[in-house]
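Here is the structure we will look at.
Letters A, B, ... mirror the listed sequences (proteins, then strands); counts begin at 1.
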2 protein chains.
Amino acid sequence: MSLTEARQSPDTRERILDAAEALFVEHGFEATSMRLITGRAGVNLAAINYHFGSKEALIQDVFRRRLTWLNEERLRALEKFEKEAKGAPLKAHQIVEAFFGVSLRMAADTVHGGHTFMRLLGRTYTEPSAFVRQFLADEYAAVVPRFKQALFRALPDVPPEEILWRFHFMLGAMSYAIAGTDALQLVSGCELDEKDPGALARRLMPFLLGGLRAPLPEQAAKPKEKRPRRAA
Amino acid sequence: MSLTEARQSPDTRERILDAAEALFVEHGFEATSMRLITGRAGVNLAAINYHFGSKEALIQDVFRRRLTWLNEERLRALEKFEKEAKGAPLKAHQIVEAFFGVSLRMAADTVHGGHTFMRLLGRTYTEPSAFVRQFLADEYAAVVPRFKQALFRALPDVPPEEILWRFHFMLGAMSYAIAGTDALQLVSGCELDEKDPGALARRLMPFLLGGLRAPLPEQAAKPKEKRPRRAA
DNA sequence: GCTCGTTTCAAACGGTCGTTTGAATGATAC
DNA sequence: GTATCATTCAAACGACCGTTTGAAACGAGC
């Protein structure tokens, strides 16, 4: 244990993380008790406090395990496009692809837990708990400014404030599409096609780009412009 | 009390509903204890069980108080357009206006609690709790099919399945824009302009319509069509 | 005055929560 | 073998949960 780098208790930690991730999606943070988690994971109740320290720390580790990689992947995708562009502004669809495409690909992974995690993540954007919000803000601190700046360059005619709003709208559309998959299907009255997870990306990306490039609102932006125009 | 139709205990019920509504937005359902609610409302702990029966029933009444009216208002707006159209299909922007415009107007009301409620509602779409989901499904049962059918008629060239997805995306974009107002602004790094609640509607409506009318995804729909086309 | 139904109140109920404890267990090094 | 360390375990801790209770307070009708 001291000499080898391999984790001791090879399963326990991961089993707890897997069980917690799934249960958080099913019931939310508050309604998921540690006894429920350890019960599903098949480990002792005290194992959570032993391996993670507290329930809050467990929640953060559930996110960290996948979110760090996700955000790195988003940056890698963005930088690949930037390298290809050789200093020229990116296309809007490339930026959207780098941010949301990576997310949607993770959400399409139903075998390694990516789908479960993305549902949890989408739900957590509206999570009221203060420490979760702070944690998410820290995790996104490195990636959001990069994408903001890329969008500002890609859409020089659109007021930056408007771009931020639309980025916000896009995030909401995607999060709901992933997280609310069973909540709103009750409203829609059918299951749509959940079998093919890749279908979501094919359907969502055009919607996002259509919204991002929609005509500007009339009263917003500089008043010198009278008629709405295409944003990009 | 038995003769007059006026409610007894004129404040207590409403004070509890107001306090609960605000606290549910701040902390979520599970994390909001009845002692917290009654404490803020300035009433006795037992008042909730006396007036509502249980915490679950209180949650439902918090929604019913405003949601019933909201959905009726949505239907009224839709029927007004339908009357004007005299049997012709509505325009997509009218349907979007009837559904989302009414919601956004309620969300712009910061003095009578409409804003608070819409934040709560948006958050609750992703609420995992089973009874809340069932309750929402019941409340929306009368209104969703009407809007679905109106959209199908308005966009005859778009596959119905695609319309449902985009309706779902629009709902997500709006809910996040309202509910996540402080959650994601931390990510965005600024407060945007929260002073003017009407600004949200002016910014969101073009985005929604842009998404709804975006070109269709390539592989979706009937395969006889090769190139993507405008949806409306 | 008294009565009766509604509403409020302080106190307690059993249960579950997250966390801690101290002893058992297991594997490695000597 | 013994010593040492990380890990697991059953049991308990105090705190808080939603709910119930029975008495007190209130107000309208007579």
Measure from [atom1] on [X] to [atom2] on [N] and round the result to the nearest Å.
{"X": "Ile48(A)", "N": "dT19(C)", "atom1": "CD1", "atom2": "P", "value": "9 Å"}
{"X": "Tyr50(A)", "N": "dG26(C)", "atom1": "OH", "atom2": "C1'", "value": "12 Å"}
{"X": "Arg13(B)", "N": "dT8(C)", "atom1": "CZ", "atom2": "C1'", "value": "16 Å"}
{"X": "Arg15(A)", "N": "dT7(D)", "atom1": "CZ", "atom2": "C1'", "value": "15 Å"}
{"X": "Ile16(B)", "N": "dT8(C)", "atom1": "CD1", "atom2": "C1'", "value": "11 Å"}
{"X": "Asn49(B)", "N": "dT20(D)", "atom1": "CG", "atom2": "C1'", "value": "8 Å"}

Provide a list of protein-nucleic acid N or O atom pairs under 3.5 angstrom, restricted to nucleotides 11-17 of chain D.
residue : atom : partner  : partner atom : Å
dC17(D) : OP1  : Ser33(B) : OG           : 3.0

N or O in side chain of His51(A) less than 4.0 angstrom from dT8(D) OP1/OP2: yes

Test: Arg64(A) and Asp61(A) ion pair at under 4.0 Å: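 Salt bridge between Arg64(A) and Asp61(A), a charged N being under 4.0 Å from a carboxylate O: yes.
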
Results of salt bridge (Lys or Arg N to Asp or Glu O under 4.0 Å) for Glu73(B) - residues two or more places apart only: Arg76(B)

Which residues share a side-chain hydrogen bond (donor to acceptor under 3.5 Å, both in side chains) with [X], sequence neighbours left out:
{"X": "Ser103(B)", "answer": "Arg74(B)"}
{"X": "Glu26(B)", "answer": "Arg40(B)"}
{"X": "Gln60(A)", "answer": "none"}
{"X": "Asp138(A)", "answer": "Gln134(A)"}

Among dT8(D), dT8(C), dT20(D), the nucleotide that comes nearest once only the side chain of Thr12(A) is considered: dT8(D)

